[in-house]
2 protein chains.
Amino acid sequence: MPRQRGWWKRRLRGRGCRLTVPRQAILELLSKSSEHLSAEDIYFKVKKIYPAIGLTTVYRTLELLVNMGVVSKFDFGDGRARYELAANSEDEENHHHHLICTSCGKVINYTDFVNQEKELIEKTENKLATKYNFEINNHQIQFYGICPNCKK
Amino acid sequence: MPRQRGWWKRRLRGRGCRLTVPRQAILELLSKSSEHLSAEDIYFKVKKIYPAIGLTTVYRTLELLVNMGVVSKFDFGDGRARYELAANSEDEENHHHHLICTSCGKVINYTDFVNQEKELIEKTENKLATKYNFEINNHQIQFYGICPNCKK
DNA sequence: TTTGCTATTGAAAATCATTTTCATAAACAT
DNA sequence: ATGTTTATGAAAATGATTTTCAATAGCAAA
């Protein structure tokens with residue numbers, strides 16, 4: 001089932017964080033976007049509905065949300081971080097991995113095959129957790145290559 | 001079988017690149033190190049045996065080696081890139097994935113379970129290549145969590 | 001509702017890894 | 001040995017992200 005609008009309010013408050021307009025605007029945007037956005041992307045998009053927003057606040061909010069596990073941060077190798085709403089257990093729809101073109105930087109989210117990966121990932125996660133005594137709470141899988149356009 | 005000393009000479013020359021002292025010093029260092037080093041780490045280590053080295057040259061050489069596929073570049077989320085000698089087909093010993101502590105930044109190379117992953121990775125790689133018409137030539141798998149020290 | 005405390009904000013300045021510029025030096029083909 | 005490039009290193013430039021700091025806005029309590 002998809003997440004309800006405003007589900008993050010409790011989570012923020014639970015952490016003793018305030019429910020501010022900029023934070024809500026950023027979360028609202030992220031939950032509508034299916035793309036991996038840079039901080040600047042988010043800044044400009046939020047600016048359209050809340051012009052007073054500052055880039056600093058975007059960075060700060062993203063850091064907070066990443067720490068809360070609400071947002072995932074990625075590096076696709078072009079020198080700027082990308083952010084997306086994290087998948088959660090109630091809403092698996094959003095879980096995907098990335099396919100990145102090292103020539104033009106294009107990124108494809110693929111959800112195919114993720115189920116087959118899932119079992120192995122879980123096993124590995126458990127084994128690693130035991131062997132290295134880590135508390136594992138996330139993973140990333142990325143494939144790098146050349147996209148159809150750049151092959152031409 | 002381990003790679004022979006100086007194996008990179010042909011590869012550089014084959015690309016029309018010159019075999020310079022700084023490049024050799026950097027490669028020599030990388031082939032001795034089992035760790036994931038930042039550009040600055042490499043700079044200081046090489047400086048001990050070749051004091052004239054410049055940080056700029058380190059960056060340039062690393063970029064070249066990454067493009068050649070000799071070195072792999074990683075991002076562990078602390079704002080600086082890490083480099084290690086890439087695994088190659090003759091020498092599988094070096095193939096591993098990463099387990100990263102999001103609290104202190106500690107990184108563990110794990111080679112366990114990589115064989116089991118391998119089959120799945122190859123399958124996925126083929127399927128993705130077909131479906132998205134990508135020419136895939138690399139992948140990264142990273143687990144994130146809290147290390148034993150930071151759990152305390 | 002009003003008040004007061006404190007977290008949050010935005011602008012500007014600071015930071016820090018990485019790149020670019022440019023004049024000099026070192027490879028290496030001849 | 002020589003000449004042509006490619007490669008180098010220092011310094012300056014870049015660009016994403018952080019920090020600083022005074023002003024603002026959430027929200028708990030009255």
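These numbers come from a predicted model, not from an experiment. All chains are named by letter (A, B, ...) in the order of the sequence lines, taking the proteins before the strands, and each is independently numbered beginning at 1.
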Inset, instruction - Under the side-chain contact (heavy atoms from CB on, under 4.5 Å) rule, collect the residues that match up with B/Lys123, sequence neighbours excluded. - result: B/Glu119
Legend entry - Any residue meeting side chain to side chain donor-acceptor pair (under 3.5 Å) with A/His139, in chain and number order, not counting sequence neighbours: A/His97
Legend entry - Residues that B/Ser38 engages under side chain to side chain donor-acceptor pair (under 3.5 Å), provided they are two or more places apart: B/Asp41
Whole-Å gap separating [atom2] ([N]) and [atom1] ([X]):
X       : N      : atom1 : atom2 : result
B/Lys9  : C/dA27 : NZ    : P     : 12 Å
B/Glu40 : C/dT18 : CD    : P     : 9 Å
A/Arg18 : C/dG4  : CZ    : C1'   : 11 Å
B/Arg23 : C/dA27 : CZ    : C1'   : 10 Å
B/Tyr59 : C/dT21 : OH    : P     : 18 Å

Inset, instruction - To the nearest 0.5 Å, tell me how far A/Ile42 CD1 sits from A/Glu35 CD. - result: 12.0 Å
Check each residue of [range] for a non-hydrogen atom within less than 4.0 Å of any atom in DNA chain C, then write out the ones that pass by number, or none.
range                     : answer
residues 26-37 of chain B : none
residues 67-83 of chain B : B/Gly79, B/Arg80, B/Ala81
residues 49-56 of chain A : A/Tyr50, A/Ala52, A/Ile53, A/Gly54, A/Thr56

Legend entry - Member of A/Glu84, A/Lys73, A/Arg82 meeting the side-chain hydrogen bond (donor to acceptor under 3.5 Å, both in side chains) criterion with A/His36: A/Glu84
Would you give me the side-chain donor-acceptor pairs under 3.5 Å for residues 141-152 of chain B, sequence neighbours excluded?
{"residue": "B/Gln142", "atom": "OE1", "partner": "B/Tyr144", "partner atom": "OH", "Å": "2.7"}
{"residue": "B/Gln142", "atom": "NE2", "partner": "B/Gln140", "partner atom": "OE1", "Å": "3.3"}
{"residue": "B/Asn149", "atom": "OD1", "partner": "B/Lys152", "partner atom": "NZ", "Å": "3.3"}
{"residue": "B/Lys151", "atom": "NZ", "partner": "A/Asn133", "partner atom": "O", "Å": "3.0"}
{"residue": "B/Lys151", "atom": "NZ", "partner": "A/Asn133", "partner atom": "OD1", "Å": "3.0"}

Legend entry - Which nucleotide in C/dT9, C/dA27, C/dT19 has an atom nearest any side-chain atom of A/Arg60: C/dT9
Using the rule that two of Ile, Leu, Val, Met, Phe, Trp, Tyr join whenever any of their side-chain heavy atoms come within less than 4.5 Å, decide whether [X] and [Y] are in one cluster.
X        : Y        : value
B/Leu120 : B/Ile136 : no
B/Val66  : B/Leu85  : yes
B/Tyr83  : B/Phe76  : no

Legend entry - side-chain hydrogen bond (donor to acceptor under 3.5 Å, both in side chains): pairs with one or both residues in residues 45-68 of chain B, sequence neighbours excluded: B/Tyr43-B/Lys47
Inset, instruction - Quantify the bending of the helix from C/dT1-D/dA30 to C/dT30-D/dA1 as the angle between its end axes, each fitted on five pairs, to 10°. - result: 40°
All N/O donor-acceptor pairs, side-chain side in residues 21-34 of chain A, below 3.5 Å, sequence neighbours left out:
{"residue": "A/Arg23", "atom": "NH1", "partner": "A/Arg18", "partner atom": "O", "Å": "2.8"}
{"residue": "A/Glu28", "atom": "OE2", "partner": "A/Arg5", "partner atom": "NE", "Å": "3.4"}
{"residue": "A/Ser31", "atom": "OG", "partner": "A/Leu27", "partner atom": "O", "Å": "2.9"}
{"residue": "A/Ser31", "atom": "OG", "partner": "A/Glu28", "partner atom": "O", "Å": "3.0"}
{"residue": "A/Ser33", "atom": "OG", "partner": "A/Leu29", "partner atom": "O", "Å": "2.8"}

Legend entry - Covered region of DNA chain D, 5' end to 3' end, by chain B [heavy atoms, under 4.0 Å]: D/dT5 to D/dA11
Legend entry - 4.5 Å side-chain heavy-atom contact, B/Ile108 and B/Ile100: no
Inset, instruction - Give B/Arg15 one of three labels, base, sugar-phosphate or nothing, depending on what nucleic acid heavy atoms sit under 4.0 Å from its own. - result: nothing
Legend entry - Residue whose nearest DNA chain D nucleotide is more 5′ - B/Val58 or A/Arg13: B/Val58
Legend entry - Residue pairs, two or more places apart or on separate chains, that pass salt bridge (Lys or Arg N to Asp or Glu O under 4.0 Å) and touch residues 129-150 of chain A: A/Lys131-B/Asp112
